Amino acid sequence: EKGGYEHYMRKEIHEQPHAVRQALSGRVDEFAGTVDLDLSISKEYYHSLDEIQIIACGTSYYAGLYAAELLEQYADVRVSVHIASEYEFRANRDPWRTLVVAVTQSGETADTLRALRKADGAGARTLAVTNTVGSTMAREADDTVYIRSGPEIGVAATKTFASQVTTLTLLTVYFGRQRNTLSSNEASTILKELSDLPGAIQQVLDAESIVRETAEEFADSDAFFFIGRRFGYPVALEGALKLKEISYDHAEGFASGELKHGPLALVTENTPVLAILTEGTSAHETLHNVKEVESRGAPAIGVSSETDLNPVFDTVLEVPNVGLMEPVVANVYLQLFAYHVASQKDRSIDKPRNLAKSVTVE
Ligand code: M6R
């Protein structure tokens, strides 16, 4: 049941601190800097690994982009991220040295399943990162890691994004330790930041009324743009997807630096730009892009942990300092923003038009 919430989506947004704790539970030794995910992969395999290919759709694809940054940085492995419906296993790749990771909340998405089967057919090792025990992909992949979000009813994925990123961060630490690219001290730092994530998300949830006011102020805009760099880029894409999905407004996410290569032509006084400026997002560089949109008259909303940069913005949604995980916290603001814009317009938030929770057609 909705437990007093008007929509499942808002309930699920509020369940994120718990969902993240569940994903971490029993898997982490913060002091030793180790992670246990119960995988059946051999030590030699980690060392011979040449490439990780991530396959996913929608929000899970954005979690995959996030994970790619992490894996490249901490596990020192080449990572490519594929929209599942576009995926092919190329003949020039060595299947024995390629790990294909399917990221899928439902474990049933037809596009992702087809991609997983292509990888399997080519002889690659496969791993499913999913929420759903007993799902087709959990059964078909060589290994499965559960994100442990609990059931998500709202068509818009919310808590499962936080759980996916948390679990993929654990996977990164695990790989980094197995491949000796991450020291136990560095691993401990990341694990500490992960354990601080639920509290930081709770702080944002406690500030919901500020987001609601901001959403109400801008609800009638012509379009909404979201910008970010590095870890802020998948979050910008995810923020835009959430808004378009449930409010039916035009929303786009861009890599901040790309604005000037075309999208800037869309920016007017009536297109607010939400910019992500946190740890891991090259915030000072994005600041230049914020100034570009402001000089075209666009309202700039900062989702920011960088207090020295905040005076630039018309509105600031403050992200608490939790290091590496700050972009995930920023994403909670974007979920609430989308929710309150849609709620202001009285949309069918839990079941948006034309969409299904699990997309089982190709
Ligand atoms: O179950 P999956 O994670 O495989 O689903 C993938 C997408 O269909 C899903 O994330 C979709 O984009 C959501 N409705 C986004 O909110």
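Numbering of ligands and ligand atoms starts at 1, following listing order. Keep in mind that this is a model prediction, so the values were computed, not measured.
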query: Looking only at protein heavy atoms, which one is nearest to atom 4 (O) of ligand 1, and how far off is it?
result: T109 OG1, 2.5 Å
query: Quick one: nearest non-hydrogen protein atom to atom 10 (O) of ligand 1, plus distance?
result: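 Looking at atom 10 (O) of ligand 1, the protein heavy atom closest to it is T59 N, 3.1 Å.
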Between ligand 1 and [X], is the shortest N or O to N or O distance under 3.5 Å?
{"X": "K357", "value": "no"}
{"X": "G58", "value": "no"}
{"X": "V103", "value": "no"}

message: Ring centres under 6.0 Å, that's the criterion: do Y61 and H82 meet it?
response: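 Between H82 and Y61, which both carry aromatic rings, the centre distance is not below 6.0 Å.
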task: Kindly confirm or rule out a cation-pi arrangement of K2 over Y8, judged by NZ or CZ under 6.0 Å from the six-membered ring centre and within 45° of its axis?
output: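 Judged by the rule (NZ or CZ under 6.0 Å from the ring centre, within 45° of its axis), K2 counts as positioned above Y8.
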Are [X] and [Y] close enough that a side-chain donor and a side-chain acceptor fall under 3.5 Å?
{"X": "S60", "Y": "Q105", "value": "no"}
{"X": "E108", "Y": "T360", "value": "no"}
{"X": "E213", "Y": "H340", "value": "no"}
{"X": "Q73", "Y": "R230", "value": "yes"}
{"X": "N131", "Y": "T160", "value": "no"}

Counting from 1, what ligand 1 atoms have a heavy atom of [X] closer than 4.0 Å?
{"X": "K242", "answer": "15 (C), 16 (O)"}
{"X": "A156", "answer": "16 (O)"}
{"X": "S106", "answer": "1 (O), 2 (P), 4 (O)"}
{"X": "S60", "answer": "2 (P), 3 (O), 10 (O)"}

- request: Compute the minimum heavy-atom distance from C57 to ligand 1 and say whether it is under 4.0 Å.
  value: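 Flag set, C57 near ligand 1.
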query: Is the shortest heavy-atom distance from the side chain of F161 to the side chain of I147 under 4.5 Å?
result: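 Side-chain contact under 4.5 Å: no.
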- request: Could you name the option among M137, E245, Q105, E238 that has the heavy atom nearest to atom 13 (C) of ligand 1?
  value: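 Minimum heavy-atom distance to atom 13 (C) of ligand 1 goes to E245.
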